[in-house]
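When a ligand or atom number is given, it counts from 1 through the structure's own listing order. Heads up: numbering here begins at 1 and tracks the sequence. In what follows, every heavy atom counts, from backbone to side chain, and hydrogens, waters and symmetry copies are set aside.
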Amino acid sequence: MLSVHTLAKLIDQYCSNSDRHYVYGTAGFRGPAATLDTVLFATGIIACLRSLALNGDVVGVMVTASHNPPVDNGVKVVEPDGSMMPELWEPLATQLANTLAIKGSSNERAQATLSWFEKELKDQLQSANKFYNEGVVPTLVVARDSRESGPKLLSCLVAGAKELFHAKIHDFGLLTTPQLHFLTSETAKGVSNVTELRYYRHFLQAWNHVAQLHGIGDHLPTISSLTIDAANGIGAPKVQELLSQWACRGQVHFINNKWTNPELLNHECGADFVKSNQRFPLGFNDSKGLGCSYDGDADRVVFYYVNESNKFCLLDGDRISALFAHFFSSMLKQAGLQSQLSLGIVQTAYANGNSTEYLQKTLQVPVSCVKTGVKHLHHEAVTKYDIGIYFEANGHGTIIFSPKFYKVVKEQERSIAVETLEAFSQLINQTVGDAISDMLGVLAALSISKWTPQHWGEEFTDLPNRLAKVIVPDRSVFITTDQERRLTKPEGLQAKIDETVKCFQKGRSFVRASGTEDAVRVYAEAANVEEVEQLTKKVKNLVMNSSQN
Ligand code: 16G
Ligand code: ZN
């Protein structure tokens, strides 16, 4: 299938980065853009093999580094249904990138790559060969965010996919990550000539349906204005495009929408900045309305407002879950479907303890806890509930509706509640968390529930919490269990953390190795700010000491 000569020629041309180590992690490959051309070339091959293994079905590729600084970039692969590439394929992507990147001449690198193919990729290769012989070629849809390095990196990916596999490639140009997920799944459903317009039409139609059911005209009833901070990223032109047709556009104000200045991307703005620093993004000055911040590729969103004491109040992923949980329990009750359709929330260990208590005790909704990373939350929501609401505290999340949900709802007599459930399942981008669609979902739920931002923020009070980072010589020695809530290694460390936590009122703390940075994360919460500071400090010290032993 592949000749050493052709591969060596392509390596010469497109794989200048070698002698490095790459890992396809929770969010794909990510790193300084200048080190990624080999990785992009490798990802093109993996995406083609994945497509061939799926009988030539369409596979998506998104070039983005989300909330990372402008000098970084990254890439991830998306399944035909819009979900993430299966975990089983991640080590293959890692191995291929590292094999292409060995130190040596392009000929040696090509030889090593072909030997690796023979050894590791027998099954995939067989399917590739079979399909080759039957004339089936891979199909890819690709897009990138607004980073300067995007076009060059994408060209490395496209070159490999075209020259080695004759892949059919639809390049959507600039998109948000969730747009790419959505359009991949639409293409895979067999819709012909999928364009970006399909995305806007779909979500506007869904909004219009909800709005008509509840008499929401050109003014959102419970908020005076909405400020959207798009992190100076690709979400800016996309949300502007969508909202240009939106009835309530008169209430919207955009900040940090200079996406054509790539050096401003995520700079003192965006969801990650707001959540990590617990403060407003640059340029926010709406003390009466609701603010919302996307991240650089618009797959994450958090909200905030200023309370009566002039204080910044964050409405993060936990709050979004709480709002949707409240909204859907109420709709299911109104529709008389609460015993037929299961509703559940999926969180990670980072969810604030009081949010979990609110969901379980006040709303009486079941809560699952899973490992960090969208794919884990997504999987739990898909497999466990008919309406599975999942959000990480950092604002990544969506709602998944099961096939049973659609069947049951369809069989019901028409009522406002039944139709609202149906319309909401269209308003939410179920392929992946989507800042734009989640935002519309939140605005609809607030409007229908008649909740102001204050009301939303006062449903429960967060326990004071801290997220800290410890740099250790080797983070791989930190092994967790129980959905990352407890350590099994280093030996003895968890017992010490337990002892420490006991001394603090409402104390909770856990330690896990980051999947995206060379560091260990320490999370702590406790009844008050002083205690949380002390607890964090103590656990950080325990982690540092364990690394010195
Ligand atoms: C990635 C994950 C995000 C998670 C974060 C944790 C996806 C698309 N993104 O950005 O969900 O919260 O990693 O980072 O899965 P950490 O492992 O460094 O704490
Ligand atoms: Zn993102």
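- Looking only at distances, a side-chain donor or acceptor of Asp171 sits under 3.5 Å from a matching main-chain atom of Gly173.
- Short contacts between ligand 1 and Asn394, defined as distances under 4.0 Å to a heavy atom of the residue, involve ligand atoms 12 (O).
- Between Lys506 and Glu525 there is no salt bridge, since no side-chain nitrogen of the basic residue lies less than 4.0 Å from a carboxylate oxygen of the acidic one.
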Please set out all donor-acceptor pairs under 3.5 angstrom arising from side-chain atoms of residues 485-492, sequence neighbours excluded.
from	atom 1	to	atom 2	distance (Å)
Arg485	NE	Asp482	O	3.2
Arg485	NH2	Asp482	OD1	3.1
Arg486	NH1	Asp498	OD1	3.4
Arg486	NH2	Asp498	OD2	2.8
Thr488	OG1	Ile479	O	3.3

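- Every atom of ligand 1 is numbered from 1 in the order shown, and the set under 4.0 Å from a heavy atom of Arg512 is 16 (P), 17 (O), 19 (O).
- Geometrically, Arg279 does not engage Phe273 in a cation-pi contact, judged by NZ or CZ lying under 6.0 Å from the ring centre and within 45° of the ring axis.
- Under a 4.0 Å criterion applied to the non-hydrogen atoms of His396, ligand 1 contributes the atoms 3 (C), 9 (N), 11 (O).
- Annotation: side chain of Leu359 is in contact with side chain of Gln347 (closest heavy-atom distance under 4.5 Å).
- The side-chain contact (heavy atoms from CB on, under 4.5 Å) test applied to Asp37 returns Ser16, Asn17, Lys152, Leu153, Cys156, not counting sequence neighbours.
- For the Zn ion (ligand 2), the nearby protein N/O/S atoms, meaning those under 2.8 Å, are Ser66 OG, Asp295 OD2, Asp297 OD1, Asp299 OD1.
- Nearest protein heavy-atom contact of atom 15 (O) of ligand 1 is Val374 N, 3.1 Å.
- Ranked by closest heavy atom to atom 18 (O) of ligand 1, the top entry among Val520, Thr516, Thr177 is Thr516.
- Residue contacts with ligand 1 for Asp299 are absent, since no atom lies close enough (heavy atoms, distance under 4.0 Å).
- Although no hydrogens or angles enter the test, the distance criterion places no donor-acceptor pair under 3.5 Å between the side chain of Asp272 and the main chain of Ser276.
- In this structure, atom 3 (C) of ligand 1 lies nearest to the protein heavy atom Glu392 OE1, 3.3 Å.
- Scanning the protein heavy atoms around atom 6 (C) of ligand 1, the nearest turns out to be Thr372 CG2, 3.6 Å.
- Under the rule for a ring pair (Phe, Tyr, Trp, His ring centres under 6.0 Å), the partners of Trp246 that lie at least two apart in sequence or sit in another chain are Trp207.
- A salt bridge is defined here as a Lys NZ or Arg NE, NH1 or NH2 lying under 4.0 Å from an Asp or Glu carboxylate O, and Glu196 with Lys238 meets this definition.
- Aromatic ring pairs are classed by plane angle as parallel below 30°, tilted from 30° to 60° and perpendicular above 60°; the pair Phe424 and Phe327 is tilted.
- Close approach of ligand 1 to Thr26 (heavy-atom distance below 4.0 Å) involves ligand atoms 1 (C), 7 (C), 13 (O), 15 (O).
- When ring centroids are compared, Trp456 and Tyr305 stay outside the 6.0 Å threshold.
- The ligand atoms of ligand 1 that sit less than 4.0 angstrom from a heavy atom of Ser514 are 16 (P), 17 (O), 18 (O).
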